[in-house]
Amino acid sequence: MVIARVSDAYATDLFDVDELDRRLDLAHSARTVAELDTLTEDLGEPTTALVAVTSSLQVADDANRPPTKRLRVIMSSVEREGRWIVPKQTAMRIFWGNAELDFREASLAPGVTTIDVRVTMGNLELILPPELAIDVDVSSVMGSVEQRHRLPVEPDPSRPMLRVIGRVFMGNLEISTLLPGETKRDGMRRDRDKRRDKRRALRDARRGRRALPPGDR
């Protein structure tokens, strides 16, 4: 698909965000296959490197991996990003604080990794790579639990899974998916493009325009 090829090329730094927007706009407005072909003719043939860019997650039985860990954030902030070892079980207690855990380059053990969260008047943000499956069972009392998965995948028994349980009281839990190296701003642009695509599809359907087959876009 043309949109997937263009997105992969952007993820591998072949062009910037503005050029991504330009090509996506042209893809959405294309009316012939020839118009779509011109958007990828300078990208060459698809290679396995384009697929590998979304697979930065490290899976290993690390001898240094702690089985359990307790992390308290009280009127302060904590960030974990880059390459870090994720315990099999983590108890997070956040009170009037903020925590951000970025799993895109993290090392996870095979199987299920559990995070038990208790957020009280604070914020917890989890950033996932596309290939990491997640199961969320978190209750909310006067708070919010928000999940935004742009590239969901089916759970794979041979891959790790993140299980998030617990409670949010007068606070926020946000779970989002970003590509390796992608900023939150880039992710917001992806969300915007997706919403715009849906609006255009609905508008075209109402106007009775002839659309290209979904597999050609």
Side-chain angles (χ1 to χ4, degrees), residues 53-188 190-191 194-195:
V53 72
T54 60
S55 300
S56 61
L57 188 68
Q58 306 296 312
V59 184
D61 287 318
D62 196 319
N64 297 321
R65 185 186 313 281
T68 62
K69 186 171 184 178
R70 189 176 183 89
L71 181 60
R72 293 182 177 179
V73 183
I74 301 175
M75 301 179 68
S76 58
S77 64
V78 169
E79 292 186 12
R80 295 286 187 273
E81 61 181 358
R83 298 193 180 277
W84 61 288
I85 299 175
V86 183
K88 284 289 289 183
Q89 295 186 355
T90 301
M92 292 205 66
R93 304 295 181 259
I94 302 176
F95 179 74
W96 278 16
N98 298 278
E100 178 181 305
L101 304 181
D102 189 337
F103 294 91
R104 287 178 291 176
E105 297 181 26
S107 171
L108 280 85
V112 178
T113 294
T114 302
I115 300 181
D116 183 354
V117 303
R118 296 289 188 274
V119 181
T120 303
M121 294 182 286
N123 300 281
L124 171 60
E125 181 176 2
L126 307 179
I127 301 175
L128 277 57
E131 68 273 21
L132 179 58
I134 186 169
D135 177 32
V136 180
D137 185 11
V138 177
S139 62
S140 175
V141 179
M142 293 185 290
S144 74
V145 177
E146 182 178 1
Q147 299 184 59
R148 296 197 306 273
H149 301 289
R150 291 181 197 84
L151 300 174
V153 295
E154 293 296 327
D156 183 348
S158 65
R159 303 288 294 171
M161 170 181 279
L162 189 65
R163 177 167 172 75
V164 184
I165 61 175
R167 182 205 67 196
V168 175
F169 176 70
M170 296 181 67
N172 299 284
L173 168 60
E174 179 182 342
I175 302 170
S176 60
T177 300
L178 294 177
L179 294 173
E182 187 178 43
T183 66
K184 294 178 183 178
R185 179 184 177 187
D186 294 339
M188 293 175 64
R190 283 178 178 268
D191 283 340
K194 185 176 181 180
R195 292 193 298 269

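The shortest non-hydrogen separation linking Pro129 to Thr177 is C-CG2, 4.0 Å. Summarising the geometry of Pro87 relative to Thr68, their closest heavy-atom pair is CB-C, 4.4 Å, with the distance given to 0.1 Å. In terms of heavy atoms, Val73 sits closest to Gly97 at CG1-CA, 4.2 Å. Of all heavy-atom pairs between Ser144 and Val168, the closest is O-CG1, 4.2 Å.
In this structure, the separation between CD on Glu174 and CD on Gln147 is 11.0 Å, given to the nearest 0.5 Å. Between atom CD1 of residue Ile165 and atom CG of residue Asp137 there is a gap of 7.5 Å, rounded to the nearest 0.5 Å. Atom CZ in Phe95 sits 8.0 Å away from atom CE in Met75 (nearest 0.5 Å). Rounding to the nearest 0.5 Å places CG of Leu128 at 4.5 Å from CD1 of Ile134. Rounded to the nearest 0.5 Å, atoms CD (Gln89) and CZ (Arg163) are 11.0 Å apart. Here Met92 contributes atom CE and Lys69 contributes atom NZ; the two are 10.0 Å apart, rounded to the nearest 0.5 Å.
Counting only heavy atoms from C-beta outward, the side chains of Leu108 and Met161 never approach each other to under 4.5 Å. Taking 4.5 Å as the limit, some side-chain heavy atom of Ile127 sits within range of a side-chain heavy atom of Glu100. Between Ile74 and Arg93, every side-chain heavy-atom pair lies at or beyond the 4.5 Å cut-off. Using a 4.5 Å heavy-atom threshold, the side chains of Arg118 and Asp116 count as touching. Residues Leu173 and Val119 are not in side-chain contact: their nearest non-hydrogen atoms beyond the backbone lie 4.5 Å or more apart. By the 4.5 Å heavy-atom criterion applied to side chains, Leu132 and Pro160 are counted as neighbours.
The side-chain contact (heavy atoms from CB on, under 4.5 Å) test with Ile94 singles out one residue from Leu124, Val78, Val117, and that residue is Leu124.
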Worked check of side chain to side chain contact (heavy atoms under 4.5 Å, CB included) between Asp102 and Glu79: CA-CA 8 Å; Asp102 189 337; Glu79 292 186 12; over 6 Å; no
Check against side chain to side chain contact (heavy atoms under 4.5 Å, CB included), Leu101 and Thr90: CA-CA 12 Å; Leu101 304 181; Thr90 301; 6.0 Å; no
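Distance alone, capped at 3.5 Å, places no donor-acceptor pair between the Arg80 side chain and the Val86 backbone. Counting only distance, with no hydrogens or angles, the side chain of Lys88 and the backbone of Val112 share a donor-acceptor pair below 3.5 Å. In terms of modelled atom types and a separation under 3.5 Å, the side chain of Arg65 and the main chain of Ser107 share a donor-acceptor contact.
Counted within 6.0 Å of CH2 on Trp96, heavy atoms from surrounding residues, nucleotides or ligands total 12 or fewer; the atom is thus considered open.
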